Amino acid sequence: MNPNRKPILAGNWKMNKTSSEARDLAAKLAPLVSGVKDREIVLAPTFTSLQTVSEVIKGTNMVLAAQNMHWEDKGAFTGEISAEMLLDLGCEYVIIGHSERRQYFGETDDTVNRKAKQALKKGLSAILCVGETLAEREAGKLNEVISRQVTVGLKDIVTEYIKKIVIAYEPVWAIGTGKTATPEQANEVHSLIRQKVKTLYNAEVAQGLRIQYGGSVTPENVSALMAKPDIDGALVGGASLKPDTFATLVNFK
Ligand code: PGA
């Protein structure tokens with residue numbers, strides 16, 4: 001953690017919770033985290049629960065995120081959701097390029113970039129996800145993969161918009177597997193990302209950029225991760241689905 005960057009803890013609920021279950025989770029979470037002042041708390045339910053969760057968290061210290069969006073304004077894109085639709089429901093953030101989207105739904109660095117640009121243009125903040133697979137790491141391609149994902153993901157995004165970007169480093173091998181990257185491994189990649197952003201923009205932009213770690217973050221390991229200088233938050237899947245667990249995680253010491 002760095003005192004100049006506000007920690008950001010986000011719960012990615014993925015394809016879990018019906019609308020009524022989501023309402024219940026958000027409502028139970030609200031009083032458990034209401035005392036948190038110096039951290040940003042973001043909830044990313046499914047599209048079908050955005051409206052409900054938006055109503056529940058109105059006036060609390062939690063903000064709303066979507067898990068995906070399309071890069072066009074509107075039109076014949078069956079099954080897709082636009083930035084404007086998300087804004088209309090009260091979203092402030094959108095997760096872009098999660099590894100599950102890249103792995104199962106054919107998203108590429110190019111589509112990630114298009115989505116990020118559209119999100120920012122429309123006034124959403126973007127949580128842009130990057131991360132290597134185990135095979136890439138073992139083949140010594142970690143730096144190459146992360147550099148490419150960051151460079152292409154941020155292509156043509158002007159400095160003014162960068163303030164609304166959070167990068168989430170999520171090693172694919174650590175997601176939902178119980179295998180967390182060690183704080184040292186995570187911090188190493190975070191500083192690589194910060195370095196890359198410095199070369200793409202400048203030192204000030206790089207210093208201001210928040211970089212979250214994601215991949216099997218739990219209340220047990222969050223403090224050690226957050227103690228590292230380049231780790232500014234967590235993107236949490238499994239451990240965000242129970243109010244007590246996520247609240248403990250958010251309230252880490
Ligand atoms: P996990 O998921 O915490 O369940 O590993 C993290 C993520 O995919 O964002």
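Just so you know, these numbers come straight off a predicted model, no measurement behind them. Order of listing sets the numbers, starting from 1, for every ligand and every atom in it.
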Exercise. For Tyr93 and Gln67, does a side-chain donor sit closer than 3.5 Å to a side-chain acceptor?
Worked result: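 Side chains of Tyr93 and Gln67: no pair found under 3.5 Å.
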
Test your reading of the model: is there a side-chain donor-acceptor pair from [X] to the backbone of [Y], 3.5 Å cut-off?
{"X": "His70", "Y": "Ile81", "value": "no"}
{"X": "Asn221", "Y": "Thr218", "value": "yes"}
{"X": "Lys6", "Y": "Asp38", "value": "no"}

For this session: For ligand 1, note which part of Asn12 has a heavy atom under 4.0 Å away: side chain, backbone, both or neither.
Result: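 Contact part for Asn12 vs ligand 1: side chain (C-beta onward).
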
Exercise. For ligand 1, which part of Ala174 has a heavy atom less than 4.0 Å away: the side chain, the backbone, both, or neither?
Worked result: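 It is the backbone that gets close, since no side chain atom is under 4.0 Å.
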
Exercise. What residue and heavy atom of the protein are closest to atom 7 (C) of ligand 1, and at what distance?
Worked result: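 Ranked first by proximity to atom 7 (C) of ligand 1 is Glu170 OE2, 3.1 Å.
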
Exercise. What do you reckon, does Ser216 put a non-hydrogen atom under 4.0 Å from ligand 1?
Worked result: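 Yes, Ser216 has a heavy atom closer than 4.0 Å to ligand 1.
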
Exercise. Does at least one non-hydrogen atom of Gly215 fall below 4.0 angstrom from an atom of ligand 1?
Worked result: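 The answer is yes, since Gly215 has a heavy atom less than 4.0 Å from ligand 1.
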
What are the atoms of ligand 1, with element, lying closer than 4.0 Å to any heavy atom of [X]?
{"X": "Lys14", "value": "2 (O), 6 (C), 7 (C), 8 (O)"}
{"X": "Gly238", "value": "1 (P), 3 (O), 4 (O)"}
{"X": "His98", "value": "7 (C), 8 (O), 9 (O)"}

Problem set entry | From the candidates Cys129, Gly176, Gly131, Gly178, the one that places a heavy atom nearest atom 5 (O) of ligand 1 |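 Considering heavy atoms of Cys129, Gly176, Gly131, Gly178, the nearest to atom 5 (O) of ligand 1 sits in Gly176.
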
Exercise. Has ligand 1 got any nitrogen or oxygen that is less than 3.5 angstrom from a nitrogen or oxygen of Gly237?
Worked result: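 Checking ligand 1 against Gly237, an N or O pair does fall under 3.5 Å apart.
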
Problem set entry | Polar contact flag for Val236 and ligand 1 (N/O pairs, less than 3.5 Å) |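 Such a contact does not occur with ligand 1.
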
Exercise. Of Lys115, His98, Arg114, which meets side chain to side chain donor-acceptor pair (under 3.5 Å) against Glu107?
Worked result: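 Among Lys115, His98, Arg114, the one that satisfies the side chain to side chain donor-acceptor pair (under 3.5 Å) with Glu107 is Lys115.
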
Side-chain contact, heavy-atom cut-off 4.5 Å: [X] with [Y]?
{"X": "Asn4", "Y": "Gln207", "value": "no"}
{"X": "Glu40", "Y": "Leu9", "value": "no"}
{"X": "Leu154", "Y": "Asn113", "value": "no"}

